[in-house]
Structure formats: structure tokens, C-alpha cells
Amino acid sequence: AQSVTQLGSHVSVSEGALVLLRCNYSSSVPPYLFWYVQYPNQGLQLLLKYTSAATLVKGINGFEAEFKKSETSFHLTKPSAHMSDAAEYFCAVSDQDQGAQKLVFGQGTRLTINP
Amino acid sequence: EPEVTQTPSHQVTQMGQEVILRCVPISNHLYFYWYRQILGQKVEFLVSFYNNEISEKSEIFDDQFSVERPDGSNFTLKIRSTKLEDSAMYFCASSEGQGSNTIYFGEGSWLTVV
């Protein structure tokens with residue numbers, strides 16, 4: 001079985017500061033890893049995904065995440081936070097990349113940006 | 001950009017009533033999904049659907065739930081006899097099944113059972 005743990009249900013940073021959202025996964029097979037973002041009153045939008053091609057994955061809006069197998073982690077970072085980054089962020093894992101995917105989500109981290 | 005659309009955005013129903021949540025997946029996608037998120041809890045997989053049949057379902061997806069693709073564009077989730085614990089945000093999603101195979105989610109349908 002696969003699982004995801006996101007450390008910190010709420011993270012608050014100042015505008016311009018580094019954003020670090022933590023995600024650890026558990027998987028008995030090589031994982032495919034995802035970060036989704038949910039802005040208020042909107043659906044889940046894919047930020048980036050890891051599919052074993054490269055351990056450092058760049059996504060939209062300046063976000064990136066690094067897959068570290070030894071640490072079973074896939075933390076999300078952004079060098080400089082912007083007010084528009086305020087949202088809820090979900091890390092997810094899947095055991096396949098093609099066909100019907102079943103995503104297993106973490107509990108989410110709500111990111112607040114302070115002016 | 002193409003998007004998954006869901007209706008209704010919010011529905012209040014009485015316990016024991018049937019509810020149908022509707023979704024229009026992205027037109028060239030072949031795989032369809034329903035997920036749900038109970039308030040304060042994780043987003044959970046319910047079911048995946050391909051080629052007019054269920055490809056996988058979770059233990060949550062019991063006999064009270066059913067999915068259907070009644071025509072070439074809609075994908076529906078039916079809850080036969082709603083319970084209080086069915087109150088949740090229900091997300092429809094779709095993917096191509098190959099290539100980047102990104103799963104695109106709709107904005108969700110918030111179901112409140114009273």
C-alpha cells in the first residue's frame with residue numbers, strides 16, 4: 001500500500017521568503033509523485049510530477065521539487081513566495097504513470113503568505 | 001485550456017435521498033475518476049472508469065455508489081440512498097491514459113446531507 005505524509009497542515013511565510021512544503025511517501029514499488037495546488041473555490045491543479053526521468057522536477061509558477069529516494073521525500077520549494085501562492089497544496093503518490101492512475105493524497109498543507 | 005466541469009457546485013439533500021453528481025470530462029480523455037474529500041480529511045480515491053466499465057474502485061465505493069457514462073460527454077456519480085457521512089466535496093477528474101497522462105480535476109461538487 002502507498003501513503004503520503006505532509007508535515008505541517010499550515011505553513012506561513014513572508015512575501016519574498018523561501019517556501020518549503022514537506023512530503024514523505026511510502027511505497028513498495030517505484031513511486032510516481034505529484035504536487036497539486038488548490039486555490040479557493042477551484043479544483044486541484046497539477047503543479048509538477050516526478051516520473052523517474054529526473055530527480056529535480058520543475059513545475060509551474062516557479063515551484064520545484066526534489067525526489068530523494070534515500071529519504072523517501074518529495075519536498076516542494078519556491079525561492080521567493082508571492083502573495084498569489086496562498087493556497088492549499090497536496091502531495092500525492094501513484095504506482096503507475098499510464099492508464100488508470102489511482103492517486104493517494106496527503107492531508108494537504110495550507111500556505112499563507114504574509115505581506 | 002480545456003477543463004473538467006462539474007454540476008452542481010453545491011447540493012443539499014435529505015438523508016436517504018438519491019443524488020446524481022454530473023461531470024463533463026475533457027473531450028479527448030479516456031479515463032475518468034471520482035475522488036472525494038470529507039471536510040478536514042484527505043482527498044480519497046473512489047473509482048476509475050475506462051472503456052465503459054469500472055477499472056478500479058476503493059472500499060468506500062460500495063453498493064450505494066454507481067458511475068455511468070450515459071452519453072459521449074457526461075460522466076455521473078450516483079449515490080442511491082445518501083447518509084450523513086456522505087457529506088463531502090466530490091471531485092471528478094479525467095486523463096488521457098498515455099503520454100503525460102496528467103489527471104485534470106474539476107472544481108468539485110459540495111454535497112451536504114441533512
Side-chain angles (χ1 to χ4, degrees), chain A residues 1-10 23-27 31-54 57-61 63 65 87-110, chain B residues 1-7 9-10 23-26 29-61 67 75 89-110:
Chain A
Q2 297 180 303
S3 66
V4 170
T5 301
Q6 290 182 241
L7 296 175
S9 57
H10 290 88
C23 171
N24 288 88
Y25 69 90
S26 172
S27 179
Y32 297 93
L33 294 158
F34 308 80
W35 275 99
Y36 279 84
V37 60
Q38 186 179 28
Y39 298 103
N41 301 315
Q42 294 188 28
L44 300 167
Q45 180 184 3
L46 181 68
L47 271 180
L48 50 80
K49 69 177 185 180
Y50 166 76
T51 58
S52 76
V57 183
K58 294 187 185 298
I60 61 171
N61 302 337
F63 284 93
E88 185 136 23
Y89 292 79
F90 296 91
C91 183
V93 65
S94 175
D95 61 2
Q96 60 189 66
D97 186 40
Q98 301 295 302
Q101 292 179 70
K102 174 184 168 183
L103 296 175
V104 176
F105 284 88
Q107 64 268 47
T109 298
R110 184 167 297 279
Chain B
E1 184 174 310
E3 57 181 19
V4 176
T5 57
Q6 292 185 239
T7 54
S9 56
H10 190 190
C23 169
V24 179
I26 295 172
H29 285 184
L30 301 177
Y31 292 83
F32 314 115
Y33 312 85
W34 284 99
Y35 285 77
R36 80 172 185 188
Q37 184 180 28
I38 295 172
L39 191 63
Q41 298 186 24
K42 296 183 181 185
V43 177
E44 302 171 291
F45 169 82
L46 289 179
V47 66
S48 58
F49 189 87
Y50 170 71
N51 200 26
N52 282 319
E53 59 183 32
I54 291 173
S55 47
E56 187 174 357
K57 60 182 180 180
S58 71
E59 57 188 28
I60 303 168
F61 195 88
V67 288
F75 178 53
M89 177 73 86
Y90 288 82
F91 293 104
C92 177
S94 69
S95 67
E96 288 180 290
Q98 58 185 2
S100 70
N101 201 27
T102 297
I103 296 182
Y104 291 85
F105 285 81
E107 294 184 0
S109 293
W110 183 250

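Numbers restart at 1 for each chain; the letters A, B, ... are given by sequence-line order, proteins then strands. If you're wondering where the values come from, they're calculated on a predicted model, not measured in any experiment.
With a 4.5 Å cut-off on non-hydrogen atoms, Gln37(B) touches chain A through its side chain but not through its backbone. Of the two parts of Lys102(A), the backbone and the side chain both hold a non-hydrogen atom closer than 4.5 Å to a non-hydrogen atom of chain B. Neither the backbone nor the side chain of Val104(A) comes within contact range of chain B; no heavy atoms are under 4.5 Å apart. In this structure, no portion of Gln6(A) lies under 4.5 Å from any heavy atom of chain B. In this structure, the portion of Tyr36(A) lying under 4.5 Å from any heavy atom of chain B is its side chain and not its backbone.
Residues meeting the side-chain contact (heavy atoms from CB on, under 4.5 Å) test with Asn101(B), sequence neighbours left out: Gln98(A), Gln101(A), Ser95(B).
By number of non-hydrogen pairs under 4.5 angstrom with chain A, the leading residue of Gln6(B), Glu107(B), Glu56(B) is Glu107(B). Put simply, of Gly106(A), Ser9(A), Ala92(A), Gly99(A), the one with the most heavy-atom pairs under 4.5 Å next to chain B is Gly99(A). Residue with the most contacts toward chain A among Gly108(B), Gly106(B), Cys92(B): Gly106(B) (heavy-atom pairs, distance under 4.5 Å).
No more than 12 heavy-atom neighbours from other residues, nucleotides or ligands sit within 6.0 angstrom of CG on Leu39(B).
Counting only distance, with no hydrogens or angles, the side chain of Tyr33(B) and the backbone of Leu103(A) share no donor-acceptor pair below 3.5 Å.
Applying a 4.5 Å heavy-atom cutoff, the residues of residues 41-52 of chain B that approach chain A are Lys42(B), Val43(B), Phe45(B), Ser48(B).
The two residues Phe105(B) and Leu44(A) have their closest heavy-atom pair at CB-O, 3.5 Å.
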